[in-house]
**Q** 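To start, I am sharing the structure in question, which I have written as structure tokens.
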Amino acid sequence: MNKKTVFSGIQPTGNIHLGNYLGAIRNWAARQAEKVNYFCVVDLHSLTVPQDPAQLRFETRSLAAVLLACGIDPQASTIFIQSHVAAHAEGCWLLNCITPLGWLQRMTQFKDKSARQESVLTGLLDYPVLMAGDILFYDADEVPVGEDQKQHVELARDIAQRFNALYNADFFVVPQPIIPKVGARIMGLDDPAVKMSKSLADKRGHAIRLLDEPDEIMYAFKRAVTDSGREIRFSDDPEKAGVNNLLTIYQAVTGKDNAAVEADFAGARGYGDLKMGVAEVVIETLRPIQARYKALMDDTAELDRLLAYGAEQARAVSQPKVDEMKGMMGLVMPG
Ligand code: AMP
Ligand code: TRP
């Protein structure tokens, strides 16, 4: 069987939360054997907006350690840091030289982000070309992304097709965006009408971050917004969105069906018991992940070894692809 190739890029912006884990990372880990997987911590993308160097360095390794701790297996997947593989930046230049400026100027994320900044960096405009290279240099068939990144994957398709047409070759695979079906969609604990999100996660009580201490997790669940009733059941009534979210989290973590989840809380005296019950299973689920994370961050030699191994695997695929592009585009290969 010919396995499909999947490329996932994740920015090291910190604040990885329970929604990211239950909605994405956990599924990636569970399905590693079915595909050829690349997990790339896209530190070069983070440079498109101003960063504190020490912070970026920490967040980059921290995210790699989180992914490994969540079960991304370096034997089953290639996990690496984007800047460790020079083909990404080098190949981006080559793609820049076949990408019309107008294609980048009409990207909605660029328009949104640049409108919010006084000084817009060239890298911000070029961001989708770097991303196209990430995908194309690995011949990825599938790119799992949220709705907000779909336009960038479509641009990668356009760039692939343009290159193939210009050089009259079937050189790049034209990738597909894979938008996850609404599975476990985890809402904010402080406001069950909005999605739990990284950008709101600095607000205490909004999110459960994967690295939060048990006390902090307990605090956030205890303060979770519910309603004035006392019925503990799944419901799509907006009034009961808070209770529904707590049950959804409990269900995603335990894997039980609706009836079994409701039965677990049948004897509850009120929402306090529900919150406590959910907090406990979440704390227990995160405990081994946090222990593995801590071990990796304490032994950075091992973390660096795993990432060097990943970078080597990634380089072996992407560098020959970029070298071939250079030849096609008329550059003289070094003798
Ligand atoms: P982001 O945090 O937007 O970079 O998203 C990274 C991945 O986590 C995406 O695949 C999202 O689908 C998933 N994700 C983010 N927030 C949630 C959430 N609140 N519930 C479920 N999945 C989420
Ligand atoms: N732009 C993506 C985001 O912010 C991250 C990313 C960079 C990416 N390169 C990628 C995602 C390649 C998928 C494939 O979420």
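The shown structure was predicted, so the numbers you read here are calculated from the model rather than taken from an experiment. Ligands are counted one by one from 1 in listed order, and the atoms in each one are counted from 1 as well.
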**Q** Minimum distance, heavy atoms only, to atom 17 (C) of ligand 1: which one of Ser199, Gly23, Gly19 is it?
**A**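 Ranked by closest heavy atom to atom 17 (C) of ligand 1, first place is Gly19.
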**Q** Heavy atoms only: which of Ile178, Val194, Ile186 is nearest to atom 19 (N) of ligand 1?
**A**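 The option holding the nearest heavy atom is Ile186.
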**Q** For Asp73, which residues count as a salt bridge (Lys or Arg N to Asp or Glu O under 4.0 Å) partner, sequence neighbours excluded?
**A**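 Asp73: no salt bridge (Lys or Arg N to Asp or Glu O under 4.0 Å) contacts found.
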**Q** Should Val145 and Ile179 count as side-chain neighbours, where that means a heavy-atom distance under 4.5 Å?
**A**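 A side-chain contact under 4.5 Å exists here.
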**Q** Tell me if a side-chain donor or acceptor on Gln313 pairs with a main-chain N or O of Thr78 at a distance below 3.5 Å.
**A**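 The answer is no, because no donor-acceptor pair under 3.5 Å joins these two groups.
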**Q** Can you find a protein heavy atom under 4.0 Å from atom 11 (C) of ligand 1?
**A**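 Protein heavy atom within 4.0 Å of atom 11 (C) of ligand 1: absent.
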**Q** Are Glu90 and Lys326 ion-paired here, with the side-chain N under 4.0 Å from a carboxylate O?
**A**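 Salt bridge flag = yes for Lys326 with Glu90.
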**Q** Measure centre to centre between the rings of Phe171 and Tyr167, then say whether the value is under 6.0 Å.
**A**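 So the answer is no for these two rings.
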**Q** With a 4.5 Å limit on heavy-atom distance, are the side chains of Leu200 and Asp191 in contact?
**A**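 Leu200 vs Asp191: side chains apart.
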**Q** Going by the order shown, which atoms of ligand 1 are within less than 4.0 Å of some heavy atom of Arg185?
**A**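 Per the distance check, 20 (N), 21 (C).
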**Q** Look at atom 4 (O) of ligand 1 and say whether a protein heavy atom is found at less than 4.0 angstrom from it.
**A**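 So far as the 4.0 Å threshold goes, atom 4 (O) of ligand 1 is in reach of a protein heavy atom.
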**Q** Backbone N or O of Ile16 within a donor-acceptor pair of the Arg209 side chain at under 3.5 Å?
**A**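 Not confirmed, Arg209 side chain does not pair with Ile16 backbone.
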**Q** Quick one: are Lys275 and Leu246 in side-chain contact, heavy atoms under 4.5 Å?
**A**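 In contact.
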**Q** Distance under 4.0 Å, heavy atoms only, partner ligand 2: which residues pass?
**A**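 Its neighbours under 4.0 Å (heavy atoms only) are Phe7, Gly9, Gln11, Val42, His45, Tyr127, Met131, Asp134, Ile135, Val143, Val145, Gln149, given by chain and number.
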**Q** Are any of the side-chain heavy atoms of Arg305 and Asp299 separated by less than 4.5 Å?
**A**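 Arg305 does not reach Asp299 side chain to side chain.
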**Q** Any idea which part of Met187 is under 4.0 Å from ligand 1, heavy-atom wise: side chain, backbone, both or neither?
**A**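 Neither part.
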**Q** Nearest to atom 1 (P) of ligand 1 by heavy atom, Asn20, Ile249, Ile16, Asn245: which?
**A**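 Answer by nearest heavy atom: Asn20.
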**Q** Which part of Lys198 is near ligand 1, with near meaning a heavy atom under 4.0 Å away: side chain, backbone, both or neither?
**A**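 Just the side chain.
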